Participant: 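Below is one structure. I have some questions about it.
So that the names make sense, note that chain A is the first sequence line, chain B the second, and so on, each numbered from 1. None of the values given here were measured: they were computed from a predicted structure.
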There are 2 protein chains.
Amino acid sequence: MGNQKLYKGSLQTIILKLLETNDKMYGYEITQKVKELTKGELKITEGALYPALHKLEADGLLDVEVAKVGNRLRKYYKLTESGTKETANKLDEMQEFLRTMQQLVNPKLSLE
Amino acid sequence: MGNQKLYKGSLQTIILKLLETNDKMYGYEITQKVKELTKGELKITEGALYPALHKLEADGLLDVEVAKVGNRLRKYYKLTESGTKETANKLDEMQEFLRTMQQLVNPKLSLE
DNA sequence: TTCTTATACATTAGATTCTTATGTATTGTT
DNA sequence: AACAATACATAAGAATCTAATGTATAAGAA
């Protein structure tokens with residue numbers, strides 16, 4: 001597993017992107033999906049995830065809907081209208097960041 | 001200027017990469033070079049840069065050499081042997097991170 | 001000549017974001 | 001019966017940054 005600290009700052013964007021693609025997801029599902037998509041390279045910890053979800057909700061980017069499955073609860077999160085807009089912004093910023101970093105660390109590959 | 005917080009965690013790698021390419025550089029020069037290379041997208045602040053340089057030196061990855069230019073001093077930093085190895089590691093980790101993030105936020109572009 | 005900007009180092013307070021540890025409870029597997 | 005997985009959550013502390021401040025020299029503009 002690579003350098004986890006590089007992912008610092010990108011958690012919100014990852015969550016928003018997943019919700020854009022999958023419509024609605026619950027917390028534990030997000031951790032599993034990220035592990036699967038990144039083949040174990042990135043593991044979202046609960047201590048990072050839940051506060052991040054709560055903040056996105058408090059900022060009005062996510063709506064929550066509590067569901068009961070068997071006897072256990074799940075909190076399904078979904079993008080609000082404002083969350084959809086913010087997702088587009090954050091994805092643009094992420095692409096610019098990725099281009100910039102690629103150019104910095106490997107100028108040869110970015111001649112296109 | 002994009003989302004500065006995405007760069008959190010990548011400063012060490014950036015410094016090491018610049019020193020790999022340019023052999024030796026001083027602090028202020030690094031800030032200017034990064035601004036130039038990223039067309040203003042990334043601005044390294046002194047409060048981030050100097051502690052980072054001191055840490056890399058304390059960790060034995062950089063050697064420092066003080067030079068006097070006119071009446072002003074410059075501290076030239078240079079990779080040690082161990083610093084050269086660590087640079088290769090960190091660049092590998094960065095490439096893996098960039099691939100992973102690209103795949104997460106834009107799966108379409110990563111079909112290759 | 002005086003004022004401002006650039007060069008060049010540095011530290012500190014505070015914010016943000018994470019990791020690690022801990023806690024509670026249900027459900028599935030051995 | 002015990003353990004792993006599912007599902008939520010918080011809290012202490014670490015790491016890394018931003019913004020502000022400080023010192024000093026050099027260069028350029030007014």
Participant: Tell me which residues in residues 11-38 of chain B put a heavy atom below 4.0 Å from DNA chain D, sorted by number, or none.
Facilitator: B:Leu11

Participant: Does D:dC17 have OP1 or OP2 sitting under 4.0 Å from an N or O in the side chain of B:Gln4?
Facilitator: no

Participant: Looking at the base of D:dT6, is there any donor atom on it, or on the side chain of A:Arg72, that sits under 3.5 Å from an acceptor on the other one?
Facilitator: yes

Participant: Of the candidate nucleotides D:dT18, C:dT20, C:dT17, which contains the atom at the shortest distance from the side chain of A:Thr45?
Facilitator: C:dT20

Participant: For A:Tyr7 and A:Glu41, run side chain to side chain donor-acceptor pair (under 3.5 Å): C-alpha distance rounded to whole Å, both residues' side-chain angles, the deciding distance at 0.1 Å, then the answer.
Facilitator: CA-CA 11 Å; A:Tyr7 292 91; A:Glu41 155 84 359; 2.8 Å; yes

Participant: Rounded to whole angstroms, how far apart are CD on A:Glu46 and P on D:dA5?
Facilitator: 13 Å

Participant: What nucleotide, of D:dA7, D:dT16, C:dT11, holds the atom closest to the side chain of A:Tyr50?
Facilitator: D:dA7

Participant: Among the candidates C:dT20, D:dA9, C:dT7, find the nucleotide nearest to the side-chain atoms of A:Lys75.
Facilitator: D:dA9

Participant: Would you say B:Lys8 reaches C:dT16's phosphate, i.e. side-chain N/O to OP1/OP2 under 4.0 Å?
Facilitator: no

Participant: Take the C1' atoms of the five end pairs on each side of the helix from C:dT1-D:dA30 to C:dT30-D:dA1, get both axes, and report the angle to 10 degrees.
Facilitator: 20°

Participant: Distance check: side-chain N/O of B:His54 vs OP1/OP2 of C:dC9, anything under 4.0 Å?
Facilitator: no

Participant: Between C:dA10, D:dC8, C:dT26, which nucleotide has the shortest distance from any of its atoms to the side chain of A:Arg74?
Facilitator: D:dC8

Participant: If you measure from CG on A:Leu42 to OG1 on A:Thr38, what distance do you get to the nearest 0.5 Å?
Facilitator: 5.0 Å

